[in-house]
Amino acid sequence: MAEKKHVKSVTIPVSTFENVMKQFDQAAVRLHVDPSLMEFLKYPARSTIVKLPVRMDDGTYKMFTGYRVQHSIVRGPAKGGIRFHPDVDLDEVQALAAWMTWKCAVVNIPFGGGKGGIACDPSSMSKDELERLTRRYTAALFDMFGPDSDIPAPDVNTNEQTMAWFMDTYSMHARHTVTSVITGKPLVMGGSLGRKEATGAGVVITTREALRHLNIDPAKATASVQGFGNVGSISAMFLQKLSVKVTHVSDVFGGLHNPDGIDIMALMEYVKEHKKIVGFPGAEAYDRNEILYADVDILVPAALENQITEENAGDIKAKIIAEGANGPVTPEADAILQKNGVFVIPDILCNAGGVTVSYFEWVQNRLGYFWTEEDVNVRLERIMTDAFAAILKVALENDVHMRLAAFMVAIQRVADVVQLRGIYA
Ligand code: NAD
């Protein structure tokens, strides 16, 4: 178990995969599923670690470690992003893969769960080095990937360009162009309209439903957003479109505060040029870590996991936590938040808009027929609102919080398929 994750300047040992298992166990005991099957559902089906030699720009070779985990392929091909980050390790990738299994089941799309990553610091690497690293990773794990077996997508520090290199490398080895092996691609090479915005759009659709459930008028609500990458910036943009005042945002370099609301579109333009939010003229500087404790209605953690723990959960003032990130709240923190009446929209529901439109992208690639942005958004809206309503119903009927309800629904859906398929032995 790695010593990592800094919260309020305290270093705490956290196994993210243990957190997922705790979440699983809490839900599993409430379901009537054969306990021996539970073990099968809980642990990753396949975890692969590869060593990746990459030629750096100065002519030397550097070794990187890459991971791909298929947590479950019971309901369909493994689906899940690829992360580039110094903290990537097997524990984290296994956790993220497991969350993908439950997320795809929550929104009822025909995929299992997977995740990949490379331990690297992309901020210290050139574009050419990142390209060679991506291609070497794709080639090393070629046998795992495929439109019917395992379909990656972007995650932290990977983007459309990374997906394009992946698709090209996979296609060179396959000897023909395979668009449906990866999602989150650039539009011109088979990407879907609405994919880049999909995770943030889903975060805000579920937040809107939570506001409605709690009888809070969006026009009177305020929000704080941690992380200003794909998920954080787009969530902030859609919150503003919903008339919510976004008063606090942060990225890894610093935080911003404006009590009158930050102009998110202007900030997005600023970040395009400066690559960070620090120095934006439309807001005051604010402590990056403190934005979690801002006196707002909605908190959107959209950076990394294990941000809200038993050490700081009591300091959260928001009424709603919309989990844009995967695993931002630990199981111990969940209990404290529940006691304090905070409504948590769990990651496996809240940020499922991304994988939902990834599914649409895969469908379009396989059909060779592309949908309009309206088609995509109407379908996304329906899937996210239906999923929110279904999870809320289970939560209210069983008097449990939303995460437990989401896990109960998801595990039952996967277990039902296992029971029907039977165990091949
Ligand atoms: P990204 O790389 O685009 O952005 C990450 C952001 O977090 C950056 O702005 C970075 O500066 C910031 N950050 C990192 N550490 C921070 C800290 N300690 N405090 C404040 N900000 C910090 O990544 P992303 O794709 O937006 O992913 C963010 C989260 O959302 C991850 O947990 C990811 O797994 C999850 N997620 C992403 C998608 C997707 O479609 N991209 C889908 C579902 C879930």
Side-chain angles (χ1 to χ4, degrees), residues 4-9 16 79-88 92-93 95-100 102-104 106-107 113 115-117 121-123 152-163 183-185 191-192 194-203 206 224-237 248-256 267-268 271-272 274-278 286-292 299-308 322-329 345-359 361 380 384:
K4 58 178 192 180
K5 319 295 179 198
H6 305 274
V7 178
K8 274 186 154 180
S9 314
T16 307
K79 185 86 191 82
I82 299 172
R83 176 175 295 195
F84 287 0
H85 194 279
D87 284 348
V88 164
E92 180 181 69
V93 181
L96 292 162
W99 278 317
M100 289 307 298
W102 312 125
K103 191 181 302 184
C104 292
V106 161
V107 282
K115 205 81 180 192
D121 178 8
S123 67
D155 193 74
V156 173
N157 292 326
T158 57
N159 53 29
E160 289 187 345
Q161 177 62 75
T162 328
M163 302 303 106
T183 59
K185 297 180 292 295
S192 175
R195 173 60 187 89
K196 216 181 336 174
E197 297 79 14
T199 308
V203 168
T206 53
S224 176
V225 180
Q226 184 200 36
F228 205 74
N230 174 283
V231 181
S233 66
I234 305 281
S235 298
M237 180 190 82
H248 299 71
V249 299
S250 68
D251 67 9
V252 72
F253 304 106
L256 294 176
L267 180 57
M268 286 168 89
V271 169
K272 244 186 232 164
H274 297 88
K275 312 288 174 221
K276 55 173 91 165
I277 63 170
V278 178
Y286 202 79
D287 186 314
R288 178 190 91 170
N289 296 318
E290 290 297 315
I291 80 134
L292 291 174
L299 172 64
V300 184
L304 294 169
E305 54 270 12
N306 303 322
Q307 298 299 298
I308 302 171
E323 294 187 339
N326 288 307
V329 174
I345 314 170
D347 44 12
I348 58 173
L349 167 64
C350 189
N351 69 41
V355 75
T356 300
V357 177
S358 274
Y359 164 55
E361 182 174 330
L380 174 66
M384 295 305 294

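Ligands are counted one by one from 1 in listed order, and the atoms in each one are counted from 1 as well.
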Protein residue, atom and distance nearest to [atom], heavy-atom basis:
atom	value
atom 26 (O) of ligand 1	Val231 N, 2.9 Å
atom 21 (N) of ligand 1	Asp251 C, 3.1 Å
atom 33 (C) of ligand 1	Asp155 OD1, 3.2 Å
atom 3 (O) of ligand 1	Asn230 N, 2.9 Å
atom 27 (O) of ligand 1	Val156 CG2, 3.7 Å

Using atom types as modelled and distance alone, determine if a side-chain donor or acceptor of [X] lies under 3.5 Å from a backbone N or O of [Y].
X	Y	value
Asp251	Gly254	yes
Thr199	Val231	no
Thr16	Ala95	no
Gln226	Pro301	no
Glu361	Gly184	yes
Arg195	Lys185	no

Heavy-atom nearest option to [atom], drawn from [options]:
atom	options	result
atom 11 (O) of ligand 1	Val252, Thr199, Leu96	Val252
atom 28 (C) of ligand 1	Gly202, Pro328, Gly327, Ala303	Ala303
atom 4 (O) of ligand 1	Cys350, Ala352, Gly229	Gly229

Numbered atoms and elements of ligand 1 in range of [X], under 4.0 angstrom, heavy atoms:
X	value
Gln226	19 (N), 20 (C)
Ser250	20 (C)
Ala325	29 (C), 30 (O), 32 (O), 35 (C)
Gly227	7 (O), 12 (C), 21 (N)
Arg195	40 (O)
Arg83	31 (C), 32 (O), 33 (C), 34 (O)
Asn157	2 (O)

Are [X] and [Y] close enough that some pair of their side-chain heavy atoms sits under 4.5 Å apart?
X	Y	answer
Thr162	Ile82	no
Asn159	Pro154	no
Thr183	Ser192	no

Check side chain to side chain contact (heavy atoms under 4.5 Å, CB included) between Ala98 and all other residues, then give those that pass, not counting sequence neighbours. Phe17, Val20, His71, Trp102

N/O of [X] under 3.5 Å from N/O of ligand 1, yes or no?
X	result
Phe228	yes
Gln307	no
Asn351	no

Side chain, backbone, both or neither: [X] near ligand 1, heavy atoms under 4.0 Å:
X	value
Ala153	neither
Arg288	side chain
Met100	neither

Test of understanding: with ring pair (Phe, Tyr, Trp, His ring centres under 6.0 Å), list the residues that count as partners of Tyr359, not counting sequence neighbours. Phe111

Take every heavy atom of Lys276, measure it against each atom of ligand 1, and state whether any distance is under 4.0 Å. no

For ligand 1, is there an atom lying under 4.0 Å from some heavy atom of Lys275? no

With rounding to the nearest 0.5 angstrom, report the CZ to CG distance, Phe84 to Asp121. 12.0 Å

What's the spacing between Thr356 OG1 and Asn351 CG if we round to 0.5 Å? 9.5 Å

Is there a salt bridge (charged side-chain N to carboxylate O under 4.0 Å, His left out) between Arg83 and Glu305? Walk through the geometry before answering. CA-CA 13 Å; Arg83 176 175 295 195; Glu305 54 270 12; 3.1 Å; yes

